[in-house]
Amino acid sequence: MSHDRIFAVARQAGTIMVTLLGLLILTFCIGRLMPVDPVRAIVGEEADRATYELVAERLGVNLPLHTQFIRYVGDVVRGDFGVSIRTGQPVISDIAHVMPATIELATFAILCGAGFGIPLGIFAAINRNRPADHIIRFLTLIGHSMPIFWTGMIGLIIFYAVLGLVGGGGRISDYYIGLVPETTGFMLIDAAIAGDWEVFGDALNHLILPASILGYSSMAYITRMTRSFMLDQLGQEYITTARVKGLSKGRTIWHHAFANIRVQLVTIVALAYGSLLEGAVLIETVFSWPGFGQYITNNMLIGDMNAVMTCVLLVGVIFIALNLLSDALYKIFDPRTR
């Protein structure tokens, strides 16, 4: 490995460490500056002073802030994120239990968002200022502007209550709960492993609507960015040169213009996916989806700061991981970045 390569790796590692340290400082500040008394959340409003001070001493909240921060960092390094007040279980265990539901929802949503958004963005750019372009831009404007909780409620009323085309709230109908062993935590995968296709169909039926609504929101963003990137490329001289040389329109668009925006689209899709993972709070609330978003909401309402701080830290780590994944994909799609 060359010295330049070693230096680049060391610099990237240093950047990640500094980012993680900043993230730890942020989550610590959130836990200490929010108008929630973590001790009172545990002992209740009726506890006497002696009980309050005993719990405060065990939690370490009576120590100086810098000492609390050092203890917090040490706990995180050891993988100790505390115990949830609401469930009485280690926070990391709770998150491991609810996260598959959100990953399943967000993954289906980003497949819809990117699967429709990228082709629509390209099609809109090719037909700039034509009726098709105006229709696509109007649809993406609606998707970007409408509050997602309102879209979710309207979707439930129309497609579930009135038409009966999809399942209602939750991940699965009540009479199917417990029929499939929880092997991975992903309902569709667990049902497929068990070979219970009736449960699989019911889970998919419950997933379609919330994932489609989330996907529509991300599709609006991905379509607009794809259109913008393609318009920039279609205005370049090499596109005109390729057309003058007799290259077909389709080959010019897909093999030249699109090839030059793939790296940018990787970042856009990765960031959209990260936003879906941490931003599904409202849609999970509307659809009673037992995922990460609903977990953090419920714990914020009761002042369970161990859970809240861990969730915020996890969101930051997810975005850092997605950025690293984007960098790796850059090197695959564009050898010049290696």
Side-chain angles (χ1 to χ4, degrees), residues 98-117 119-121 124 132 134-180 185-191 196-224 272-302 311:
V98 301
M99 201 64 185
T102 297
I103 293 176
E104 195 169 50
L105 179 64
T107 301
F108 196 96
I110 198 63
L111 289 175
C112 293
F116 288 101
L120 283 175
H134 294 312
I135 292 172
I136 292 172
R137 291 169 65 188
F138 176 72
L139 292 174
T140 57
L141 178 63
I142 292 176
H144 187 72
S145 303
M146 288 192 304
I148 198 165
F149 68 89
W150 181 85
T151 311
M153 290 188 290
I154 295 300
L156 274 174
I157 293 171
I158 296 175
F159 296 104
Y160 169 63
V162 176
L163 300 177
L165 297 176
V166 296
R171 298 179 74 188
I172 198 170
S173 299
D174 291 343
Y175 44 88
Y176 287 125
I177 295 176
L179 293 183
V180 172
F186 299 95
M187 188 64 69
L188 295 178
I189 296 177
D190 289 346
D196 195 328
W197 301 109
E198 188 174 351
V199 174
F200 181 92
D202 186 78
L204 182 61
N205 200 33
H206 280 74
L207 176 65
I208 288 173
L209 184 58
S212 297
I213 291 172
L214 272 179
Y216 180 38
S217 177
S218 64
M219 184 200 75
Y221 171 66
I222 293 171
T223 301
R224 292 169 61 203
Y273 185 60
S275 298
L276 290 176
L277 285 174
E278 58 88 17
V281 175
L282 293 176
I283 207 71
E284 288 188 3
T285 302
V286 171
F287 285 87
S288 300
W289 194 266
F292 180 75
Q294 193 174 77
Y295 176 78
I296 189 174
T297 301
N298 292 336
N299 284 290
M300 285 184 67
L301 293 175
I302 66 170
C311 288

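The first residue of the sequence shown is numbered 1, and numbering continues consecutively from there.
Here salt bridge (Lys or Arg N to Asp or Glu O under 4.0 Å) pairs that include residues 151-170, with residues two or more places apart or in two chains, number zero.
A pairwise comparison of heavy atoms in L188 and L204 identifies CD2-N, 3.6 Å as the closest pair. Minimum interatomic distance between I296 and C311 (heavy atoms only, all atoms of both residues): CD1-CB, 3.4 Å. Among all heavy-atom pairs drawn from A203 and M187, the shortest one is CB-CG, 3.4 Å.
Residues satisfying the side-chain hydrogen bond (donor to acceptor under 3.5 Å, both in side chains) criterion with T285, sequence neighbours excluded, are absent altogether. For Y176, the side-chain hydrogen bond (donor to acceptor under 3.5 Å, both in side chains) partners two or more places apart in sequence, or in a different chain, are E198. Under the side chain to side chain contact (heavy atoms under 4.5 Å, CB included) criterion, I189 pairs with T184, F186, I193, not counting sequence neighbours. Residues that satisfy the side chain to side chain contact (heavy atoms under 4.5 Å, CB included) test with N298, not counting sequence neighbours, are R86, Q294. For E104, the side-chain hydrogen bond (donor to acceptor under 3.5 Å, both in side chains) test picks out R171, with sequence neighbours left out. Every residue meeting the side chain to side chain contact (heavy atoms under 4.5 Å, CB included) condition with L165, not counting sequence neighbours, appears here in chain and number order: F159, L163. Every residue two or more places apart in sequence or in another chain that forms a salt bridge (Lys or Arg N to Asp or Glu O under 4.0 Å) with R137 is listed here: D133. Listed by chain and residue number, W197 satisfy the ring-ring contact (aromatic ring centres under 6.0 Å, His included) test with F200 (two or more places apart in sequence, or in another chain). A search for side-chain hydrogen bond (donor to acceptor under 3.5 Å, both in side chains) contacts involving Y295 returns D94, not counting sequence neighbours.
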Which atom pairs, donor and acceptor, lie under 3.5 Å between side-chain atoms of residues 148-155 and protein residues at least two apart or in another chain?
residue, atom, partner, partner atom, Å
T151, OG1, P147, O, 3.1

Could you give the side-chain donor-acceptor pairs of residues 210-219 under 3.5 Å, partners two or more places apart or in another chain?
residue, atom, partner, partner atom, Å
S212, OG, I208, O, 2.6
Y216, OH, L139, O, 2.7
Y216, OH, G143, N, 3.4
S218, OG, G215, O, 3.0

Between I110 and I222, is a side chain to side chain contact (heavy atoms under 4.5 Å, CB included) present by the stated rule, with each step listed?
-> CA-CA 10 Å; I110 198 63; I222 293 171; 4.1 Å; yes

Yes or no on side chain to side chain contact (heavy atoms under 4.5 Å, CB included) for L105 and I283, after CA distance, side-chain angles and deciding distance?
-> CA-CA 10 Å; L105 179 64; I283 207 71; 4.0 Å; yes

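For the pair T223 (side chain) and G117 (backbone), a donor-acceptor distance under 3.5 Å is present. Remark: side-chain polar atoms of T102 are paired, donor with acceptor, to backbone N or O of F292 under 3.5 angstrom.
Atoms CD1 and CG, on I136 and L120 in that order, are 5.0 Å from each other to the nearest 0.5 Å.
Looking at N205 and Y160, their side chains never come closer than 4.5 Å, going by heavy atoms from C-beta outward.
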